[in-house]
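Okay, structure first, notes after.
When a residue number appears, it is its place in the shown sequence, counting from 1.
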Amino acid sequence: MVSKLASPADTGTVNRVLRILVAFAARDRWPLNELARELDLPRASVHRLLKLCRPLGFVDQDAEGLYTPGIELYRVAGRLSAEMPINRLAAPLLQGLRDATDETAMLVLLSRQELGIFMSDIAWPSHPLRYTVPLNQLQPLTWGAAGRSVLAFMEPQEIEQAIAQAATSPLNGRPLDVPELRQTLQRIREQGYATSYAERAPDMHGIAVPLFDRGGQVRGNLMVTVPHFRYDEKKQREHLALLRTAASELARRLGWS
């Protein structure tokens, strides 16, 4: 995913450094050779740029020689993430969803350029068994309610690009069933929400309602996840109503209504 950020003409040092830093959002430990291949850059160039980033604290190197995000990168990313306006506006709504359902509630955002989604904020319930997922880590659009509720409302060419990536299941590595995906996307468009079971985590149900901006572009979703042993179809209908209300309110707060 990382190499898509730049065209062949994007050869400046700043561009290359930014691409390196973006790579750490997709993966937090990189061997030098793999990072160079991912970025489609010469190994020597990547090594030189990493050496430039290390004194500033944006890149570090572990005992195994792998390159990792530096403490300064974590500090900046954490500060910006905590202050992201959409997170601030969504947080009370996520907490309300969590309290009303006693389940995990999440704000999922689309990274359109990367054709991926990431969990931007999560309200955790008190249950020890709950859906756990890292924040701000890119995930494929083709799996689970989190991704498919967004993918269904993207442009046709974007859908085809996401399918062409042929991402395997984050849960068990099984290949993508393209005909099943197309049928599911059509159903999501018709009903306005997505459900899934055991696509990103074992024995976990998900239900997601997409978010649209003022221009009608899908921007992400609000979702709730439920472990299978607590799942009840009647409660899912209640969860859907709560999600729709919360999504509508978040759109209003963001000026997207």
Side-chain angles (χ1 to χ4, degrees), residues 1-91 94 106-124 131-141 146-147 150 158 161-162 165 167-168 170 200 211 213 217 219-221 254:
M1 282 188 175
V2 178
S3 59
K4 300 201 317 300
L5 284 175
S7 69
D10 294 326
T11 57
T13 298
V14 172
N15 178 277
R16 291 182 172 192
V17 168
L18 291 175
R19 290 171 61 200
I20 287 173
L21 297 181
V22 168
F24 289 114
R27 176 174 166 183
D28 61 1
R29 299 174 80 233
W30 284 99
L32 176 58
N33 288 341
E34 289 187 27
L35 181 57
R37 282 196 300 269
E38 179 71 15
L39 297 172
D40 194 22
L41 293 174
R43 182 182 185 276
S45 296
V46 174
H47 185 246
R48 176 178 62 83
L49 295 170
L50 288 166
K51 287 179 67 177
L52 289 175
C53 292
R54 286 194 67 184
L56 298 174
F58 284 93
V59 172
D60 205 347
Q61 197 169 13
D62 64 18
E64 299 176 22
L66 300 179
Y67 289 92
T68 66
I71 190 65
E72 186 65 10
L73 182 57
Y74 279 117
R75 185 190 71 80
V76 172
R79 177 71 179 270
L80 292 175
S81 175
E83 295 187 359
M84 188 185 298
I86 191 170
N87 281 9
R88 291 202 305 270
L89 294 173
L94 292 178
M106 294 185 288
L107 169 65
V108 180
L109 296 181
L110 168 65
S111 176
R112 191 168 232 111
Q113 186 175 13
E114 288 293 327
L115 285 180
I117 52 157
F118 61 95
M119 312 309 171
S120 185
D121 199 9
I122 301 178
W124 306 104
Y131 184 62
T132 57
V133 63
L135 289 172
N136 303 312
Q137 182 173 315
L138 281 176
Q139 303 285 336
L141 287 163
V150 175
E158 293 175 318
Q161 290 172 18
Q165 290 179 357
T168 57
R200 292 181 181 273
L211 293 164
D213 63 21
Q217 294 291 311
R219 298 288 295 272
N221 64 65
L254 290 165

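- Atom CG of residue N33 and atom CZ of residue R43 lie 4.5 Å apart, to the nearest 0.5 angstrom.
- Heavy-atom minimum distance, A146 versus R200: CB-NE, 4.1 Å.
- When all heavy atoms are compared, the tightest approach of P170 to P140 is CG-CG, 4.1 Å.
- When all heavy atoms are compared, the tightest approach of Q61 to T68 is N-OG1, 4.2 Å.
- The two residues Q137 and P134 have their closest heavy-atom pair at OE1-CG, 3.4 Å.
- Put simply, CG on L211 and CG on L110 are 11.0 Å apart, with the number rounded to the nearest 0.5 Å.
- A distance of 7.5 Å separates CZ in R48 from CZ in R16, rounded to the nearest 0.5 Å.
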Output, in order, the C-alpha distance, side-chain angles, deciding distance and verdict of side chain to side chain contact (heavy atoms under 4.5 Å, CB included) for V59 and F24.
CA-CA 9 Å; V59 172; F24 289 114; 3.9 Å; yes

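- L107 contributes atom CG, which lies 9.5 Å from atom CD1 of I122 (distance to the nearest 0.5 angstrom).
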R27 and E34: CA distance, side-chain angles, deciding distance, salt bridge (Lys or Arg N to Asp or Glu O under 4.0 Å) verdict:
CA-CA 11 Å; R27 176 174 166 183; E34 289 187 27; 2.8 Å; yes

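- For R54, the salt bridge (charged side-chain N to carboxylate O under 4.0 Å, His left out) partners are D60, not counting sequence neighbours.
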Walk me through it: do Y67 and H47 pass the test side chain to side chain contact (heavy atoms under 4.5 Å, CB included)?
CA-CA 10 Å; Y67 289 92; H47 185 246; 3.4 Å; yes

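- Taken to the nearest 0.5 Å, the CD atom of E158 stands 9.0 Å off from the CG atom of L141.
- Within the 3.5 Å criterion, the main-chain N or O of S120 finds a donor-acceptor partner in the side chain of N87.
- Side-chain atoms of R19 come within 3.5 Å of backbone N or O of L39 as a donor-acceptor pair.
- The two atoms that bring M106 and L94 nearest to each other are C-CD2, 3.5 Å, heavy atoms only.
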Check the pair L109 / F118 against side chain to side chain contact (heavy atoms under 4.5 Å, CB included), numbers first and verdict last.
CA-CA 6 Å; L109 296 181; F118 61 95; 3.7 Å; yes

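- Atom CG of L56 has more than 12 heavy atoms from other residues, nucleotides or ligands within 6.0 Å.
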Between L50 and L35, does a side chain to side chain contact (heavy atoms under 4.5 Å, CB included) hold up when you go through it step by step?
CA-CA 11 Å; L50 288 166; L35 181 57; 4.1 Å; yes

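- Pairing each heavy atom of I117 with each of M119, the nearest pair is CD1-CE, 4.4 Å.
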